[in-house]
Amino acid sequence: MKQNILVELLTFWKNWHFRLLLDLTAKMKFCLHWKSMEVFVTARHQDEEVEMTRMAVQFELEDLNLRPDPEPLLTEMIHEAAYRENTVGLHRFCPTENIAKINREVLHSYLRNYYTPDRMVLAGVGVEHEHLVDCARKYLLGVQPAWGSAEAVDVDRSVAQYTGGIAKLERDMSNVSLGPTPIPELTHIMVGLESCSFLEEDFIPFAVLNMMMGGGGSFSAGGPGKGMFSRLYLNVLNRHHWMYNATSYHHSYEDTGLLCIHASADPRQVREMVEIITKEFILMGGTVDAVELERAKTQLTSMLMMNLESRPVIFEDVGRQVLATRSRKLPHELCTLIRNVKPEDVKRVASKMLRGKPAVAALGDLTDLPTYEHIQSALSSKDGRLPRTYRLFR
């Protein structure tokens with residue numbers, strides 16, 4: 001049987017990475033030579049290629065605003081609200097006004113600052129370690145890159161500063177359907193609180209908490225492993241037929257983290273939807289049932305092990321862990337950490353999280369959206385209820 005070889009050169013910056021899958025061990029030398037000579041080192045970035053890239057970026061931005069799935073845009077907005085004008089709160093998508101500024105000099109400046117040996121990992125699966133090291137020395141060392149060998153001067157080493165806040169985007173969501181069947185007009189809300197970085201011990205309890213919250217869409221098909229007994233299904237989607245989505249997400253970085261809940265409903269029920277979400281946040285700091293905790297830990301362990309059955313995922317896991325932590329935790333070590341999470345650990349991290357300021361992202365018809373101060377007040381209360389408002393006229 002042919003032996004599969006996976007070799008990848010990863011960089012720290014955003015999601016840029018290159019991958020090549022080879023069928024024979026003997027071809028690994030070609031892989032490293034191709035990577036060093038054709039992709040990274042002698043990339044000339046001709047004017048025609050740069051212009052094609054500008055067009056591709058422009059198309060992706062237009063597609064982002066037209067697609068019915070608001071998840072990428074909401075994720076961008078919640079980070080913008082949580083980390084106002086710093087680090088992960090800066091735009092992940094290229095602003096339209098910056099597209100024309102992309103040129104060869106800008107690309108080479110970027111590569112010169114961030115494509116440096118101390119920010120790279122060469123990861124391999126199915127290959128002898130010493131053989132991989134020898135090939136790396138032969139094909140990757142001592143090669144002059146196209147962008148020059150000057151030292152990096154503009155590397156941003158800022159530490160994320162959580163600020164909390166709100167990001168709102170009023171938009172007509174009544175005509176987002178791509179086919180003849182109309183999609184109901186929805187308002188999308190995402191509420192988040194600061195969690196922890198993946199380097200902290202509380203990272204595993206937060207991962208279990210996120211799995212315990214679970215959630216999904218109201219039309220998600222059931223079945224084993226779908227999380228139909230998670231809190232957001234049992235307490236939200238099963239009880240409120242008018243809610244179309246309630247999903248928990250956990251974003252974790254080297255110096256910070258963000259746990260948030262995305263919900264969507266008819267614009268006329270936005271206020272009630274926000275109150276339901278704030279109540280769920282308050283319940284995170286309450287009693288944790290032993291059965292639901294064991295179910296969340298089992299599901300998290302199952303997802304981890306199923307993902308690591310794929311060889312491409314294994315070597316990507318190796319590269320990313322070494323980049324981020326300079327070491328790699330083996331699957332059995334992670335499973336042990338998950339098993340050791342106790343109800344008091346989940347309650348402790350949730351209570352600590354609830355003491356911070358919230359981050360809020362809102363997209364769609366926001367006529368009935370509660371004020372940021374009211375959302376913050378609800379998350380500081382004992383029951384998660386929004387302050388009552390009174391109107392003389394309707």
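Keep in mind that the numbers below use all heavy atoms, side chains included, and drop hydrogens, waters and symmetry copies. Note that the coordinates shown come from a computational prediction; the quantities given were computed from them, not determined experimentally.
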Which atom pairs, one a donor and one an acceptor, fall under 3.5 Å between side chains of residues 372-379 and the rest of the protein, sequence neighbours left out?
{"from": "Tyr372", "atom 1": "OH", "to": "Gly165", "atom 2": "N", "distance (Å)": "3.4"}
{"from": "Tyr372", "atom 1": "OH", "to": "Pro358", "atom 2": "O", "distance (Å)": "2.7"}

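Surrounding CD of Glu48 are at most 12 heavy atoms belonging to other residues, nucleotides or ligands under 6.0 Å away. Within a 6.0 Å radius of CZ in Arg268, other residues, nucleotides and ligands contribute 12 heavy atoms or fewer.
Using a cut-off of 4.0 Å between Lys/Arg side-chain N and Asp/Glu carboxylate O, Arg295 and Glu292 are scored as not salt-bridged.
Here Lys357 contributes atom NZ and Tyr162 contributes atom OH; the two are 8.0 Å apart, rounded to the nearest 0.5 Å. Taking OG of Ser230 as the start and CD of Gln299 as the end, the distance is 7.5 Å to the nearest 0.5 Å.
For the side-chain hydrogen bond (donor to acceptor under 3.5 Å, both in side chains) test, residues two or more places apart in sequence or in another chain that qualify with Ser158 are Asp156. Take Leu366 and apply the side-chain contact (heavy atoms from CB on, under 4.5 Å) test, not counting sequence neighbours, and it matches Lys168, Glu170, Thr187, Ala362, Leu369.
Aromatic ring orientation, Tyr115 versus Trp147: perpendicular (interplanar angle above 60°, classes split at 30° and 60°). Taking the six-membered ring where tryptophan is involved, the planes of Tyr110 and Tyr114 are tilted, since the angle between them lies from 30° to 60°.
With Glu200 contributing its side chain and Ser197 its backbone, the two residues share a donor-acceptor pair below 3.5 Å.
Counting only N and O atoms by type, the side chains of Thr247 and Asn245 include a donor and acceptor under 3.5 Å apart.
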